[in-house]
Amino acid sequence: MKFSAFPVVRRLQEGVDAVLSLFFPGVCSVCGHTLVQGERFICTACLADFPFTDADFDGEQAVNERFGSGICPEALHTLFYYNRDSDYRKLIYSVKYYSNRRLGAYLGSMLAERMKGNCTADCLVPVPLHPRRERDRGFNQALEIARGMAPVLGMEICSDALVRVRDNVSQTGKSTAERHENVRNIFVLRRPERVAGRHVLLVDDVVTTGATVSSCMEALAAAGDVRFSVACLARVV
Ligand SMILES: [Zn+2]
């Protein structure tokens, strides 16, 4: 699809959503209440209490905590705080596991609106799923998020630059150092020419220790002269 076609597709999609919502209003992805006309995915009350991160990009401390020992991105952009006790965590479950592709793009566009004017990257690289996992799930949630961001930021998506070669890497119960070691070399650079000399904005759903994103950066850096920023919907507190 040509990049210039994105805004048209988005407007069509919004039109279809608006018509469908008249007949199937849907429920708020956070509190579960029925949505009213004009609301999409999240009700007005939940939007009013949305746990936005403090700034449109996270400060040096948040970046150093996660990336201090390896390649350090120039900025870490996040939309909201991920707290296991909060209903807003359901947004990430929905984006990841409940086949809610449009919610991913919607939250991606919210994140991009916050970042606009404060990001000098020139292409989006969604963190790849293993091809088998992507086939089973039917989509890659990071790519859906990037699709919501691309038209707002005016950037192209390079989803073919990187491929994931190992799946089922559980990070549960591991320390930060173990998590970084655990995901080392799970990504392989497939199209170096797509990212060489560019400022890449890596996109993922949630950032915890930054191990997965670090592994992506290490693989992409082999293309030569690559700069990095990172954008994730949620930051674990
Ligand atoms: Zn709600």
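Order of appearance sets the numbers: ligands from 1, and atoms from 1 within every ligand. Hydrogens, waters and symmetry mates play no part in the numbers below; they use all other heavy atoms, side chains included.
- The Zn ion (ligand 1) has Cys28 SG, Cys31 SG, Cys43 SG, Cys46 SG as protein N, O or S atoms under 2.8 Å away.
- Under the 30°/60° scheme for interplanar angles, the aromatic rings of Tyr93 and Tyr82 are found to stand perpendicular.
- With sequence neighbours excluded, the residues satisfying side-chain contact (heavy atoms from CB on, under 4.5 Å) with Val226 are Val200, Ala223, Phe228.
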Review item, side-chain donor-acceptor pairs of residues 204-212, under 3.5 Å, at least two apart:
from   : atom 1 : to     : atom 2 : distance (Å)
Asp205 : OD2    : Lys96  : NZ     : 3.0
Asp205 : OD2    : Gln141 : NE2    : 3.0
Thr209 : OG1    : Ala211 : N      : 3.3

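- Aromatic pair Phe41/Tyr106: ring centres closer than 6.0 Å.
- Across Arg235, His77, Arg114, a single residue satisfies side chain to side chain donor-acceptor pair (under 3.5 Å) together with Thr53, and that is Arg114.
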Could you go through residues 126-135 and list every donor-acceptor pair under 3.5 Å that involves a side-chain atom there, pairing it with any protein atom two or more places apart or in another chain?
from   : atom 1 : to     : atom 2 : distance (Å)
His130 : ND1    : Arg132 : N      : 3.1
Arg133 : NH2    : Asp167 : OD1    : 3.4
Arg133 : NH2    : Asn168 : OD1    : 2.8

